[in-house]
2 protein chains.
Amino acid sequence: MPRPAKHHPERGDARTRLLNAARDVVRAKGFAATSVDDLCKAAGVTKGAFFHHFETKEALGVAAAAYWAETTSAFFANAPYHRLDDPLDRLFGYVEFRKAIIDGDPAEFTCLVGTMTQEVYGSHPAIRDACAASIFGHAATLEPDIAAAMAARGIEADWTPASLARHTQAVLQGAFILAKATGGREDALDSVDHLKRYLTLLFSQPRSKGNPHDGR
Amino acid sequence: MPRPAKHHPERGDARTRLLNAARDVVRAKGFAATSVDDLCKAAGVTKGAFFHHFETKEALGVAAAAYWAETTSAFFANAPYHRLDDPLDRLFGYVEFRKAIIDGDPAEFTCLVGTMTQEVYGSHPAIRDACAASIFGHAATLEPDIAAAMAARGIEADWTPASLARHTQAVLQGAFILAKATGGREDALDSVDHLKRYLTLLFSQPRSKGNPHDGR
DNA sequence: ACAAGCATACCAACCGTTCGGTATGTTTCA
DNA sequence: TGAAACATACCGAACGGTTGGTATGCTTGT
């Protein structure tokens, strides 16, 4: 019997491979349209391995959302814009960074948890909650810089750092939908540019001294 | 045999009933997770009727997107904000109208074609194209008012009416995702408020005379 | 030796789709 | 006028393939 590759640990165990497969396949086909067999094939494992690590398909969805939260938060935490001194510079650095990673196929740059939320919010509350935790957890990482930028510029607003942080995520999620609809990235990038313009206007409002952060 | 209602067009024919059912069920469960049986049950018809009117499930998806485009464009065309004189007032009236119809369950106020786009953009190009036509067709209806408002206020911008119109749709689509994630409407409404604030800032920019359109 | 990690084989339910059939118009033409 | 010929709308049982899930056994590292 040509039992091929035994247990070689070539880049990750079965669980991690399944999680990576879920990230890729679900972004391309959606959660419901992705079968367990699809995932096993993509991960190069069998169904036995799948149900050894995950009780149900829904449980994999939850785990995939959590895995997404972990990996993306590490990814953003290491991004270079954090080294900027001014909080507002860091905020614009974040948006610019988000623009920069809109590249390639939509399946490569769109958001797993945003996609899953929209699909399963009614049928799989456990997955929805895991996705919500990822989205709002990520948004929350922007709040300190927004709050600091407001304080530094003496901005009194009728909006909160939290609401602006969440708005940035709304724009990004919406931009992804536009990209999926057209197959291109232009409309998505344009929309993020509008977000940049909004931030520029917001933070040069009250009794502005100079004209920070316009253009590139 | 209690064969009930014969061929009377009482309350719509089977095709329309299926289209309405698709609008409701797909928004609640997603396209892939909605079975043909689900749709038939919701519409009160049999599978025979389904496949008499639609060649495949995908064909129903395309028809549902077209039906959505028709019904929503009629819905917006009849909205009261069109009676306002100033183009910018009409633009704000549109946004306020969008806010007003964010009510009830997410399955009732979210966008069918946005949901379907995200789910099937890779697997069902025909549905994706129909959805894209609906989204961008709707966005295009905003362009004349935006262009007129820019002209009336002498605004020279590095953005186009088309890109701003599409940005409004991105914000709305993103707001729907936030609503689905939380189960509530607050974050969605907040995000649309940020959009309102953006428009206010944009149109009071160049050499502003008064301070039109701030707050309520 | 033994449990964790994984593979093979299998199942019942469900999926989209097909198809033979009925009931009710609508058109054609003598 | 009227009846044959055809078209449209709908029904519902059945089919083959796929689905998520299970039962069980082999293979490793410790």
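In the text below, chain A, chain B and the rest are named by the order of the sequence lines, each starting its count at 1.
- A/Phe51 has its CZ atom 5 Å from the P atom of D/dG21, to the nearest Å.
- Side-chain nitrogen and oxygen atoms of A/His52 include at least one within less than 4.0 Å of the OP1 or OP2 phosphate oxygen of C/dG5.
- The CZ atom of B/Phe54 sits 14 Å away from the C1' atom of D/dC10 (whole-angstrom rounding).
- The CG atom of A/Asp38 sits 16 Å away from the C1' atom of D/dG21 (whole-angstrom rounding).
- In this structure, the nucleotide among C/dC6, D/dT19, D/dG21 sitting nearest to the side chain of A/Thr46 is C/dC6.
- Remark: the backbone N or O of A/Gly30 is not paired with any side-chain donor or acceptor of B/Glu119 at under 3.5 angstrom.
- Each of A/Glu55 and A/Ala33 was assigned the nucleotide of DNA chain D with the nearest heavy atom; the assignment lying further toward the 5' end belongs to A/Ala33.
- Of the candidates D/dG20, C/dG16, D/dC10, D/dG20 carries the atom nearest the A/Lys57 side chain, counting heavy atoms from C-beta on.
- Between A/Lys41 atom NZ and C/dC6 atom P the separation is 20 Å, expressed in whole Å.
- B/Phe31 carries B/Lys57 over the face of its six-membered ring, with the cationic atom under 6.0 Å from the centre and within 45° of the normal.
- B/Lys47 has no side-chain polar atom (N or O) that falls below the 4.0 Å cut-off from OP1 or OP2 of D/dG12.
- The residue among B/Val45 and A/Glu58 whose nearest nucleotide of DNA chain D lies closer to the 5′ end is B/Val45.
- In this structure, A/Asp13 places its CG atom 21 Å from P of D/dT27, rounding to the nearest Å.
- Note on ring orientation: taking the six-membered ring where Trp is involved, the planes of A/Tyr94 and A/His138 are tilted (angle from 30° to 60°).
- Taking atom CZ of residue B/Phe50 and atom P of nucleotide C/dC19, one finds them 17 Å apart after rounding to whole Å.
- Counting to the nearest Å, the C1' atom of C/dC10 and the CG atom of A/Asp37 are 13 Å from each other.
- Atom CG in A/Leu18 sits roughly 14 Å away from atom C1' in C/dA7 (whole-Å rounding).
- The backbone N or O of B/Asp85 lies less than 3.5 Å from a partner atom in the side chain of B/Arg90, making a donor-acceptor pair.
- Within the 4.0 Å cut-off from OP1 or OP2 of D/dT18, not a single side-chain nitrogen or oxygen of A/Ser35 is found.
- In the set D/dC10, D/dT19, D/dG21, D/dC10 carries the atom at the smallest distance from any side-chain atom of B/Ala49.
- Within a 6.0 Å sphere centred on CD of A/Glu108, other residues, nucleotides and ligands contribute more than 12 heavy atoms.
- Using a 4.0 Å cut-off, no side-chain N or O of A/His53 falls inside it from OP1 or OP2 of C/dG5.
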